[in-house]
Amino acid sequence: MAYWLLKSEPTTFSIEDLAKLPQKTSPWDGVRNYQARNYLKSMTVGDLAFFYYSSCKTPGIAGIVEIVKKAYPEKNQTEDPPRWFSPDVKLVQKFPSVLPLSQIKEVGSLTTMILLRKGNRLSVTPVQQKEWETIIKLCKHY
DNA sequence: GCCAACGTTGGC
DNA sequence: GCCAACGTTGGC
């Protein structure tokens, strides 16, 4: 059982978009970075991930999704063997409001997060259990 | 294999 | 819009 953080630009794919889909489930596709892809491939069914909004007015965590299908090759790929993979994710919870990045930054015990590392651009990152629990608690005050 | 140029990400 | 950071490309 592992924890992750998945970035998305809300104008491209928002948590509301996910909520509207059948079974509230969608492939997490379009990732074009090898390190991020390797993380996607290492996810297992039952893992949980934060749905993070980037490149928007209030960057932050919008909710929680669950991995419901292990990564498989993306459709419409011409490469053989396939290069890009995506797991299916299902909406677990949409937070009442986005937990802002600015708030996350203010919590001392969260400075270990890869998300907060200088120059980090990875769109898929692992999250430690302690970090996960801290953020869950933080949300309840939000 | 090196590295300059260029493209992309993403917070501010 | 700016800019730092990083990834990719492609000539040599």
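Letters go in sequence order (proteins before strands), and every chain restarts at 1.
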To the nearest Å, give me how far apart CD (A/Gln103) and C1' (B/dG11) are.
16 Å
Partners passing side chain to side chain contact (heavy atoms under 4.5 Å, CB included) against A/Lys69 (at least two apart in sequence or in another chain):
A/Tyr72, A/Asp88
What residues, two or more places apart in sequence or in another chain, satisfy side chain to side chain contact (heavy atoms under 4.5 Å, CB included) together with A/Ala36?
A/Val31, A/Asn33, A/Leu122, A/Ser123, A/Val124
Does a donor on one side chain sit under 3.5 Å from an acceptor on the other, for A/Gln128 and A/Thr112?
no
Does anything in residues 100-125 of chain A pair up under salt bridge (charged side-chain N to carboxylate O under 4.0 Å, His left out), and if so which pairs, sequence neighbours excluded?
none
Salt bridge (charged side-chain N to carboxylate O under 4.0 Å, His left out) contacts in which one or both residues fall within residues 17-28 of chain A, not counting sequence neighbours
none
State which residues pass salt bridge (Lys or Arg N to Asp or Glu O under 4.0 Å) with A/Glu74; sequence neighbours excluded, sorted by chain then number.
A/Arg32
End-to-end axis angle, where each axis spans five pairs of the helix from B/dG1-C/dC12 to B/dC12-C/dG1, to 10°
10°
Under 3.5 Å, sequence neighbours excluded: what are the donor-acceptor pairs made by side chains of residues 42-63 of chain A?
residue : atom : partner : partner atom : Å
A/Ser42 : OG   : A/Tyr39 : O            : 2.9
A/Thr44 : OG1  : A/Asp47 : OD1          : 3.2
A/Asp47 : OD1  : A/Ala2  : N            : 2.9
A/Asp47 : OD2  : A/Trp4  : NE1          : 3.0
A/Asp47 : OD2  : A/Thr44 : N            : 3.1
A/Tyr53 : OH   : A/Ile15 : N            : 2.9
A/Tyr53 : OH   : A/Glu16 : OE1          : 3.4

Using the 3.5 Å cut-off, write out each protein N or O paired with an N or O of nucleotides 5-9 of chain B and the distance between them.
residue : atom : partner  : partner atom : Å
B/dT8   : O2   : A/Arg121 : NH1          : 2.6

Near DNA chain C, under 4.0 Å by heavy atom, which residues of residues 111-119 of chain A?
A/Lys118, A/Gly119
Does A/Tyr52 place a side-chain N or O at less than 4.0 Å from the phosphate oxygens OP1/OP2 of B/dG11?
yes
Within less than 4.0 Å of OP1 or OP2 of B/dG10, is there a side-chain N or O belonging to A/Lys57?
no
Hits for side chain to side chain donor-acceptor pair (under 3.5 Å) against A/Glu9, two or more places apart or cross-chain, chain-then-number order -> none
Partners meeting side chain to side chain donor-acceptor pair (under 3.5 Å) with A/Gln129 (sequence neighbours left out)
A/Glu133
Just grab all the ring-ring contact (aromatic ring centres under 6.0 Å, His included) pairs involving residues 91-116 of chain A, residues at least two apart or on different chains.
none
